[in-house]
Structures are given as structure tokens and as C-alpha cells.
Amino acid sequence: MTPVSINTGRLRSPFYPRLAELDSLNTWHNWAGYSSAEALYCEDMEYFAIRNSTGVFDITPMTKYRITGPDALDYLNRLVTRDMRKIKPGRVAYAIWCDDQGQVIDDGTIFHLREGEYRLCSQERHLAWLTTAAIGFDVTVKEETAEIAALAVQGPTSYSVLKNMGIDGLDSLKPFGLIHHQIFGTELMVSRTGFTGDLGYELWIDPDKAIDLWDALFAAGKLHGIQAIGTHALDLARKEAGYLAPFEDFLPAETTVRTGRTRSPLEIGMEWLVDFNKDNFNGRRALLKEKAEGSTWRLVKLDIEGNKTADHSYIYADDKKNSDEIGFITSAAWSPVCKQNIALGTVRTPHGKPGDNVWVEVYYQREMHWNRVMAKATVVDKPFWFPARRGMTPPAPF
Amino acid sequence: MKKYDAIVVGAGHNGLANAAFLAKAGMDVLCVEKNDYIGGAAVSRELYQDWKYSNCSYVCSLLRPEIYRNLELHKHGLQITPYGGSVQFMENGDYFGSYHDPEAAHREMARHSKHDADAYTRYSTDTMRQCRLIRNFLLRTAPDPTSFKPRDIKELMLLGNKFLELGEDRLYEAIRFWTMSVADYLGEYFETDVIKTALSGSGIIGTALGIHSPGTAYVLLHHYMGDVDGNVGSWGFARGGMGAVSNALAGALQSYGGEIRSESGVDQIIVKNNRVQGVALESGEEIYAPVVVSNMDVKRTFLNCMDEKDLPASFYNRIKNFKIRGSSGKLNIALDGMPTFPALPPGSELIGHADMHFIDSMERMERAYDDWKDGTWSKDPYIDCTIPSAVDPTMTPPGKHFMSCFVQYCPAQIEGRAWTSEERDAFTKSVIDQISNYSPDFKDLILHVETRTPQDIEDQIGITEGNIFHGELTMDQLLFNRPVPGYAQYRAPVNGLYMCGSSTHPGGGVMAAPGANAAREILYDLKLKNTVPENFGDD
């Protein structure tokens with residue numbers, strides 16, 4: 001018997017050969033066992049590709065599950081907090097799922113690929129929970145991460161790029177819609193989804209055709225400013241869009257040791273994803289109780305005065321001396337496109353209602369020396385960046 | 001004749017740590033040891049020329065970093081080097097490896113079960129939660145729940161608060177965890193036999209219980225909460241073998257002016273009018289001190305080295321019934337080279353560096369225990385096999401290796417009588433044969449084997465039945481019930497006599513916490529300044 005050997009190092013996505021050609025910075029990090037580029041040539045320029053032309057990000061490492069079977073819909077409806085009956089074939093839902101205590105296990109996107117056939121994508125790996133939650137349902141949950149290669153194609157010219165590639169049906173494809181397209185002798189799935197808050201798409205294909213897809217995409221995008229990007233550029237874009245990152249803006253419940261460090265959907269601004277009108281779903285009883293009694297935490301989007309980035313800052317109710325802290329910043333950035341000092345944070349209720357003012361204690365370094373400033377911040381309820389083109393159908397050739 | 005402030009009986013790691021903290025407080029301390037070497041069960045012995053044998057304890061993970069730092073053990077030569085991974089050889093020719101890198105570990109687990117690979121996240125989180133709870137109490141004296149002394153009430157409140165901080169659901173979990181079997185615990189997360197088997201070993205090591213016996217889930221913690229350089233759950237080799245731990249503690253003790261006398265076994269602890277007077281050595285010599293601290297296990301201390309008439313009758317009976325059953329043996333092997341393991345891919349980082357096990361099912365684990373219950377050694381044992389020389393260049397000549405095989409189960413007596421030499425040989429053979437099943441050249445590389453049954457360990461080191469924890473780590477013998485109710489605060493029912501071995505809270509493993517905790521109590525009684533550090537906070 002030949003000894004079984006596994007790759008004990010980092011996996012490489014099927015797009016790796018092309019990314020490696022474009023990479024001049026050699027900064028890679030671990031994403032679910034894969035090497036993922038932090039930046040390829042310049043993170044600033046890569047960010048502006050997202051906002052100005054088209055940025056292409058390899059999302060192959062995203063955990064993917066195929067959910068099929070007669071009870072697939074009922075299963076998902078029990079699993080997640082929103083009403084999945086409203087998500088018709090060809091539609092995509094952002095969703096949250098909770099443990100019995102109503103604490104967020106993770107968030108992700110659920111693609112209704114065809115009648116009764118779904119794909120669930122998330123940052124973390126959840127087969128154990130998805131299997132546990134399947135008890136009583138005639139449903140099959142299959143992990144298929146490595147069986148699908150995927151790219152996020154994001155930015156104002158992304159529509160033109162894909163159209164130029166010969167993909168039909170884009171004109172009627174609305175945000176959170178998906179279509180299937182035949183190419184390279186296989187099926188390419190195109191969804192109008194993404195993590196940038198801009199006009200953009202995600203492409204899903206057989207890994208054997210990954211290089212063909214990449215080459216066709218970059219050929220089609222050549223005159224539309226297409227650029228490969230790394231995670232740093234994407235992370236800045238997602239903060240502008242007000243999207244949450246697990247382990248930064250909330251902790252997945254299954255990884256959280258300390259009591260009180262998990263969050264319910266109501267505490268991370270996801271009340272709109274919780275539908276108490278539907279039948280039993282996991283965490284429902286706990287969430288109903290929380291809704292009646294009030295939540296402990298509230299996730300806030302902050303527009304902070306000045307230009308000093310508020311990473312890791314405490315949040316205070318006022319700027320008086322010896323004031324008690326009411327929370328802390330979880331993600332912060334200077335937004336190049338909004339020219340705003342933005343942040344996501346967590347505060348104790350009742351603080352943090354939209355329109356409230358809070359104060360943020362910002363430490364910043366200038367030529368080795370540290371300074372401190374108390375900056376006034378306003379709680380906002382809309383994403384910092386929400387361009388009209390994001391929702392336009394058909395999009396224009398921006 | 002010189003009179004000391006305190007005599008510590010036994011130069012095991014807890015005795016040395018205890019003596020070091022007393023000496024640091026300015027006491028004139030003597031540590032007496034029956035053997036001609038110090039360290040008790042934390043030793044590096046040259047049993048084959050140019051080889052160092054960690055022939056008892058073999059890995060270091062629980063040694064309290066607070067003690068390490070406070071006694072400046074690095075200045076006395078101690079260095080702990082982490083090693084990675086483990087491997088479970090399977091009867092079907094495959095293997096299940098565990099890697100230091102979490103992604104590699106996940107991938108290998110997913111090769112056996114994708115479900116289990118993902119379930120490991122929750123398992124790890126839940127187990128860590130129990131670890132964090134108990135870690136708070138390692139360097140604290142267990143409170144007496146029946147006492148109204150302010151100290152006890154304060155400690156009880158702390159204990160209660162730590163439990164309450166868990167919240168309602170997790171409080172249930174904690175109570176279940178402390179009483180359930182490791183097999184049941186693992187069954188709540190995993191579905192794959194070999195993965196459960198790999199994780200179950202830590203629940204029974206050093207314990208005369210099977211994987212299905214209630215209380216074994218807790219034992220996991222004594223293997224899971226190790227700190228090496230602050231990385232919870234990792235393990236390490238003491239550079240130069242486990243004797244490096246004892247030597248460093250001895251160095252610290254001597255730097256504070258303490259003395260150590262080897263070849264000075266204690267025959268009797270001398271008591272007059274319910275007050276300790278000192279010790280009578282086996283040589284007949286008597287040494288006097290107002291404080292005597294026993295690093296021996298409680299059975300040896302009270303049943304062998306004291307006059308029962310000096311002790312309360314029910315206490316004496318409870319000590320007699322203290323569970324300290326011999327369940328494990330040891331094979332220490334000098335090898336002419338690194339054995340090959342054909343199941344592993346060539347060049348695998350697991351070769352030599354991993355903890356190796358040659359058992360692959362829960363059924364086999366439990367059957368191994370059945371043999372012990374029948375009064376004999378496991379014919380198909382659970383072996384925890386390490387090759388420290390693959391990591392530590394100081395253990396053997398270059399290219400040669402030292403292999404430590406911890407073997408379970410192995411009774412102190414065979415069907416109630418002493419081992420015969422034929423039986424020792426058969427025990428040795430069962431271990432070597434099991435390893436040889438997965439390593440064809442292993443037998444040919446053997447230069448020397450030391451076999452230690454629990455009886456050998458008792459005869460040589462003094463631990464009753466060779467029980468590595470100085471008494472089982474079950475709920476009835478933990479916290480304020482360790483060793484016995486009412487005597488969990490290191491004080492014996494004789495004035496001036498204290499216990500500092502692993503029979504006391506928080507129990508066994510090369511942790512040094514019992515020794516340190518006992519020192520804190522002694523210094524408190526003597527109204528001397530405390531020298532024992534507190535737990536590092538972890539909020």
C-alpha cells in the first residue's frame with residue numbers, strides 16, 4: 001500500500017498560476033487553507049480598480065456547500081433566520097444562522113441555483129453544524145469548496161467586461177440574481193453579488209476551466225481597466241459598504257470561548273434578516289425573548305470627525321473626563337471614495353441609535369510619537385458607499 | 001545537630017518547588033530524597049551509555065508558567081521545546097495524523113471525515129472553555145466549602161463567580177463535563193472511530209478507568225491545558241529530558257540557600273503531642289524541624305511513614321481508600337537509528353516528531369481496559385510513544401534515538417500477586433510487537449530496553465502503584481475533595497505537617513502547582529511573606 005500523503009502546506013487555487021504572474025509583492029496569507037494574496041502590486045491602486053474600473057478577486061477558498069433533496073427549502077428555512085420561501089430559483093439570499101441560544105454561528109449567501117437546489121457559501125466551515133441541523137429533513141448537504149472555482153468581478157465597468165465576454169442575460173440580471181451561461185463546454189454561473197457594495201458579479205465554474213475563464217475575462221476587460229486585486233483592497237471596499245467580517249465585527253458562536261462574546265442577529269444590525277412570521281427556525285425562541293426584553297449590544301456604523309483612523313478605539317457616550325466606555329470599534333478606515341473617516345463598532349444599548357453622537361478615543365502615531373484625540377462621531381444607518389449603479393438594471397456601460 | 005525550619009520529604013518536582021518557595025521566603029529548608037538522584041518522576045537518567053532517559057514522565061506541558069517565571073527556571077537551565085503532532089496507525093494500513101498547523105490538521109481530519117474536521121472547531125472551543133474554568137484554580141488553594149473563615153468564603157465566592165460567569169447553559173455543560181466519560185463527550189462531536197480514538201487517549205492516560213468510565217472527560221483537561229510559551233494546548237520536551245525540570249527547580253532552591261540530601265530516605269515522620277518534630281531516616285539518623293512537608297503520595301506518607309495512632313481514625317481510613325491504582329507502565333528504549341514507518345509518506349514531518357499511537361478503535365481502547373480489570377496487562381495496549389531525541393539533540397549521540405513508550409493498561413499486580421519475570425517479559429513483548437506491526441525494522445534497532453511496571457515505579461521512585469497522578473483525577477478526588485474532604489488545604493491532621501505532592505489539589509502532571517500552593521499555605525501559617533506567584537490573569 002502506498003502511503004497516503006496530504007498537502008500539509010497551503011493549497012493553491014486553480015487561478016494561482018495567473019495570480020502568481022501578476023504578483024510582484026509576495027504577500028500571501030492563509031484563507032481556509034489556501035494561499036490568498038493580500039495585495040498583488042499596490043493595494044491602493046487595487047482598491048481604486050474596484051471603485052473606478054473592475055477588480056477581480058479570487059474567492060475560490062470560500063466554503064461552499066451544495067444543498068439538495070425534497071426538503072431542501074424546509075431545511076434552509078429551519079436553518080436560517082430569514083424566510084427562504086421568498087427566494088425563488090435564480091435568486092440569492094444573504095442569510096444568518098444561529099445556535100439554539102440565538103447567537104450567530106455565521107453569515108453567508110445562499111444561491112437558489114435551480115428549483116430545490118441550493119449552494120450555501122460562508123467564510124467558516126460548518127459541515128458539522130449543517131449536518132446536525134439536517135436531522136429530520138430529507139436533504140443532502142455536500143461540501144464542494146474545491147469543486148468550484150470562483151471569482152468576484154467588481155466595479156463600475158464589470159458589466160461591460162462580462163458583456164464583452166459574451167455573457168447573455170446581464171441586462172435583466174438584478175442585484176442578488178443569478179444566471180447560467182454555457183461556455184468552454186461547461187456551465188458558468190454568474191451572480192450579481194459581491195462584497196464591495198458596488199456594481200459587481202461573481203463567477204462560478206468547474207476548476208478545470210478556471211484558467212480559460214480567467215483568460216477570457218482579462219481579454220474582455222483589457223479595455224475596461226480590469227485588474228486583479230488582493231484582500232486588503234477588498235477589505236477597504238467592504239467597510240465602505242458596511243459589510244461585516246467574521247472575527248472582526250462579530251465572532252462565530254462555535255469559536256467563541258467566553259460567555260457574552262457572541263452576538264445575536266439583532267445585536268449586529270441584522271434584525272431585517274430575522275422573520276418571526278415564519279415557522280420554527282433555529283434560535284427563534286431565544287430571539288423572540290431578546291426582542292421582547294431588549295438586546296445588550298448594538299452594531300453601529302460611525303461617521304467620525306477628522307481623518308485619524310479609529311482602529312481598536314474605545315467608544316464613549318460623551319467626551320467628559322472619567323466617562324464610561326460604551327463600546328469599541330471593530331473595523332475602521334479612511335474611505336478614499338467618500339472622504340470620510342468611517343468605522344464599524346459595537347456599543348451597549350440603549351446607546352448608538354441612528355443620529356446619536358458618540359465619542360471615539362483615537363490613538364494615532366506620527367513619526368514614532370503617539371497622540372490621542374477624542375473625536376466626535378455620528379451613528380449612521382445607511383452604508384457609507386451605496387452608488388446608484390449598484391442597483392441599476394440594466395446597468396450602464398460606466 | 002542542625003535544626004531546620006522545614007524538611008521537605010522527597011525531591012520530586014513538587015517537593016523541590018515547595019522547598020524553593022519556602023527558601024525564597026527566608027526559611028532554612030532541607031529537601032531529603034531516598035534515591036541517589038533527584039527528581040522523582042521528572043528525571044533524565046543515563047541507563048545506557050551516552051543516552052538520557054526521561055524514563056518516567058516524558059513531556060512537559062502543565063508546568064505553571066507563573067512558577068517557571070518566578071523561580072527564574074530559565075536561569076537554571078530549563079528550556080522547553082515544543083513538538084508537533086500525533087499519529088494514529090491503523091490496522092488497515094492507513095494512518096490518522098494530527099499536525100501543528102491548524103489547516104494541515106483540518107485537511108487530514110477531513111480525509112477521514114469532513115464532518116469531524118468541521119466539528120473539531122466546536123469541540124476545541126467547548127474543551128477550551130472547561131480548561132479556562134479550571135485554570136483559574138490551579139495556583140489557588142481549594143476553598144473549604146464548610147468553613148466560615150474569610151479566606152475560604154472569599155475563595156468560594158471566586159469559585160462560584162467563575163462558574164456563574166459561564167452562564168446558565170454552559171453551567172450545565174460544565175457539570176456534565178466533570179462527570180461524563182470521554183467516549184460520551186467525544187461522541188457528542190465526532191462520528192469517526194479513529195478520530196475519537198486519537199482524542200480519547202488523553203482521557204485515560206494515568207487513570208485506572210476506561211474510555212467509557214464516567215469522569216474520564218475531565219482527565220482530558222490535564223492533557224489539554226498545557227502551556228508552552230503561552231500556547232494553550234501545546235506540548236513540549238524539556239531540553240535534556242525531564243530531569244532538566246527537576247535540576248532547574250533544584251538550582252532555584254539552592255540559589256535561595258536551600259539544601260538537598262539524596263540517599264536519605266525517610267523511615268518515619270516523627271510526631272509528638274500531635275505536632276511534627278522532624279523525620280527519622282532509614283539510616284536511623286533523625287533530623288528535626290517544626291515543619292515537615294511530604295512530597296510523597298498520601299498513601300505512602302500516612303500509611304507507610306507514620307504511626308496510625310497519631311492520625312484521626314476516619315482520616316486514616318479515607319486515605320486507605322484513596323484511589324491510587326496502578327494503571328500504566330513504561331518501556332524506555334535506546335535505538336540505533338530512527339525506525340521506519342511505512343504507513344507514513346517518506347519525509348513526513350510526523351516521523352519521529354509526532355506522538356505515535358498504534359491503536360485505532362474505541363473498541364480496542366475499551367478492550368485494553370478489560371484486561372486490566374481482569375488483573376493483567378493489556379494484550380493490545382494503548383501506547384503513547386514519543387521520540388524526544390528527534391527534537392532534542394542532547395538526548396542521544398547523533399543519529400541514535402531514545403524512545404519513550406507510556407503503556408496502558410498495566411496493573412500493579414497480576415491477579416493480586418507480584419509480577420513474575422516471565423510476565424514482565426511478556427508485557428515487554430506485547431508493546432514491542434504492537435509497534436513492530438507498523439515498523440518492520442524497529443526490533444532490529446533496539447539497543448536496550450527498560451521495562452517498568454507500576455510495581456517497579458513504586459519500588460524505585462516510591463509512588464504508590466506507580467500512579468502518575470498520585471491518585472486518580474475523578475470528581476470525588478478533586479478540588480476540595482483532594483486528597484480527602486476536609487484536608488484539601490495541604491495541612492495534615494498533625495500540626496506542622498503538610499502535603500505538597502500530586503495527591504493534593506490540583507493533582508498530577510508535571511505542574512509544580514501542588515508544591516507551590518502548599519508553600520503558600522505554610523508561609524501563611526508561619527506569618528511569613530508569601531513568595532508564591534498568583535495565576536496569570538486571563539479575562
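Predicted model only: the values in this text are computed from it and were never measured.
- Between Asp99(A) and Arg122(B) no salt bridge is recorded (no basic side-chain N to carboxylate O distance below 4.0 Å).
- Between chain A and the options Glu191(B), Arg111(B), His106(B), the largest number of non-hydrogen pairs under 4.5 Å is found for His106(B).
- The distance from the CZ atom of Arg258(A) to the CZ atom of Arg129(B) is 10.5 Å, given to the nearest 0.5 Å.
- Comparing Gly167(B), Pro345(B), Ser124(B) by how many heavy-atom pairs each has under 4.5 Å with chain A, the most go to Pro345(B).
- Tyr95(B) touches chain A through its side chain: at least one heavy atom from C-beta onward sits under 4.5 Å away, while N, CA, C and O do not.
- For the atom pair CZ of Arg10(A) and CG of Asp101(B), the computed distance is 4.5 Å after rounding to the nearest 0.5 Å.
- In terms of heavy atoms, Thr259(A) sits closest to Glu165(B) at CB-O, 3.2 Å.
- Of the candidates Leu127(A), Thr131(A), Thr63(A), Asp118(B) forms a side chain to side chain contact (heavy atoms under 4.5 Å, CB included) with just one, namely Leu127(A).
- A 6.0 Å sphere centred on CZ of Arg66(A) holds more than 12 heavy atoms belonging to other residues, nucleotides or ligands.
- At most 12 non-hydrogen atoms from other residues, nucleotides or ligands lie less than 6.0 angstrom from OH of Tyr314(A).
- For a residue to count as touching a neighbouring chain, one of its non-hydrogen atoms must lie under 4.5 Å from one of that chain's; by this rule Glu349(B) touches chain A with the side chain only.
- Within 6.0 Å of OH on Tyr172(B) lie no more than 12 heavy atoms contributed by other residues, nucleotides or ligands.
- Contact between Asp169(B) and Gln101(A) at its shortest, heavy atoms only, is OD2-CG, 3.3 Å.
- For Glu124(A), no part lies near chain B; criterion is any non-hydrogen pair under 4.5 Å.
- Remark: His312(A) NE2 is loosely packed, at most 12 non-hydrogen atoms of other residues, nucleotides or ligands lying under 6.0 Å away.
- Listed here is the closest heavy atom pair of Thr125(B) and Thr256(A): CG2-O, 3.3 Å.
- Across every non-hydrogen atom of Thr8(A) and Ala104(B), the tightest pair is O-CB, 3.5 Å.
- For the pair Val257(A) and Arg132(B), the tightest heavy-atom approach, listed with the atom from each and the gap, is CG1-CD, 3.5 Å.
- The distance from atom CD of Glu103(B) to atom CH2 of Trp31(A), rounded to the nearest 0.5 Å, is 12.5 Å.
- Checking side-chain atoms of Arg107(B) against main-chain N and O of Gly33(A) turns up a donor-acceptor pair under 3.5 Å.
- The pair Glu144(A)-Lys114(B) does not meet the salt-bridge criterion, since no charged nitrogen lies less than 4.0 angstrom from a carboxylate oxygen.
- For Leu130(A), no part lies near chain B; criterion is any non-hydrogen pair under 4.5 Å.
- The parts of Asn7(A) that come within reach of chain B are both its backbone and its side chain, each placing non-hydrogen atoms under 4.5 angstrom from that chain.
- Glu534(B) CD: 12 or fewer foreign heavy atoms inside a 6.0 Å radius.
- Across all their heavy atoms, Ala343(B) and Pro3(A) have their closest contact at O-CB, 3.2 Å.
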